[in-house]
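Worksheet: the structure to be examined is printed underneath.
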Amino acid sequence: MNPKSPEARKREENPFDGLKISDSDVLLSLKSRNPCPRCNKSRMYFCYTCYVPVSTLEGRIPFCNLPIKVDIIKHKREIDGKSTSAHAAVLAPKDVNIFTYPNIPQYDEEERVVLLYPGTDACTVPELFTGRREKQSYSDHLLAELPHGYNVGTLMKKIFNNNQVHRICHSENLPIDRLVLIDSTWNQSKGIFADSRLQCIPKVVLQNRVSHFWRHQKGSPRWYLSTIEALHQFLLELHICAWGCDEKYVSVLTQEYSIHEEQNHLQCKPYNGQYDELLYFFKFMYEKLHRLYDHENLLAYKRPMEVK
């Protein structure tokens with residue numbers, strides 16, 4: 001899809017159409033900073049060191065239950081207030097842990113854990129289920145043209161093609177228990193990735209998905225995702241591969257749907273937006289930024305789709 005086409009521009013205007021994300025009016029109502037209930041430091045929406053909402057937001061923001069545990073390894077130079085890894089820890093506190101490098105858990109080779117990192121030895125999410133590698137190159141991970149909010153690659157294209165909902169892998173159980181992500185710039189991530197404690201972990205790669213992160217990284221393409229986008233994308237692929245996608249959720253991608261309907265977070269149920277709340281703060285900040293600045297003038301959205 002031409003990034004300057006009318007269809008692409010329409011998606012850029014509201015990239016979260018169809019996702020089941022709670023209303024953020026409660027965030028808009030905050031006019032000043034509030035104390036963190038743990039460290040008492042002044043924060044706006046949540047504490048990015050304690051990973052809890054500010055006092056006035058306690059019990060007023062959504063929480064998300066994840067089907068696996070998530071460890072985020074953050075580079076020590078990554079600015080806490082600008083990193084989206086805190087979004088995951090605040091919105092999924094039972095399942096997400098954040099570590100600052102060189103503090104890394106010791107992973108056993110027998111553990112069912114994978115590291116989200118691209119490379120020639122990385123498998124795709126469907127291959128986690130099948131246990132076999134398909135002959136393909138990164139050119140196969142092309143951006144698919146899908147309804148609003150789901151420009152997420154050839155895997156999703158198979159699922160939503162002709163509105164046919166089916167399971168790709170027909171699994172009753174997930175093939176992993178834990179996901180590890182590196183939270184840093186691309187250049188910083190290489191140093192963390194080289195750590196021997198991570199080298200023993202199998203690698204997995206996502207289908208390409210256009211990033212809507214507002215922070216610019218020179219030389220990186222538009223499909224380099226922020227940490228919270230990458231986590232959401234991985235869980236989406238993992239869940240749909242195992243248990244399919246609810247028909248209502250497929251229709252959500254093309255028409256308005258009430259996000260206030262009670263969500264079912266149980267495993268073994270077709271995907272129906274269970275992890276979309278992970279983008280709660282991300283969506284709010286994206287929209288807030290775009291009220292202040294013209295989308296076309298932001299360098300982050302002028303990045304090419306591929307690295308030259």
Do Val70 and Asn97 come within less than 4.5 Å of each other through their side chains, counting heavy atoms only?
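Sidechains of Asn97 and Val70: no contact.
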
Test Leu30 against every option in Asn34, Leu28, Val26 by the side chain to side chain contact (heavy atoms under 4.5 Å, CB included) rule and name the one that passes.
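Passing option: Asn34.
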
Cationic tip of Arg197 within the cone over Tyr107's six-membered ring, i.e. under 6.0 Å and within 45° of the normal?
no

Ring centres under 6.0 angstrom apart (Phe281, His87):
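Ring centres of His87 and Phe281 closer than 6.0 Å.
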
Do His232 and Tyr275 have their ring centres less than 6.0 Å from each other?
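For His232 and Tyr275, the ring centres are not under 6.0 Å apart.
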
Nearest heavy-atom neighbours spanning [X] and [Y]:
X: Thr84; Y: Ile228; answer: OG1-N, 3.1 Å
X: Arg38; Y: Cys50; answer: NH1-O, 3.5 Å
X: Ile21; Y: Lys283; answer: CD1-CD, 3.7 Å

Could you walk me through whether Gln199 and Ser196 pass side-chain hydrogen bond (donor to acceptor under 3.5 Å, both in side chains), step by step?
CA-CA 5 Å; Gln199 284 296 305; Ser196 59; over 6 Å; no

Parallel, tilted or perpendicular: rings of Tyr117 and Phe193 (30°, 60°)
parallel

Got a salt bridge between Asp177 and Lys69, using NZ or NE/NH1/NH2 to carboxylate O under 4.0 Å?
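Looking at Lys69 together with Asp177, the answer is no, because their closest N to O distance does not fall below 4.0 Å.
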
Distance-only donor-acceptor check, side chains Tyr271 and Asp276, under 3.5 Å:
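Yes.
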
Say whether, by atom type as modelled, one donor and one acceptor occur between the side chain of Glu127 and the main chain of Thr124 under 3.5 angstrom.
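Yes; judged by distance alone, with no hydrogens or angles, the pair exists.
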
To the nearest 0.5 angstrom, please state how far the CZ atom of Arg60 sits from the OG atom of Ser22.
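So the gap between those two atoms works out to 13.0 Å.
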
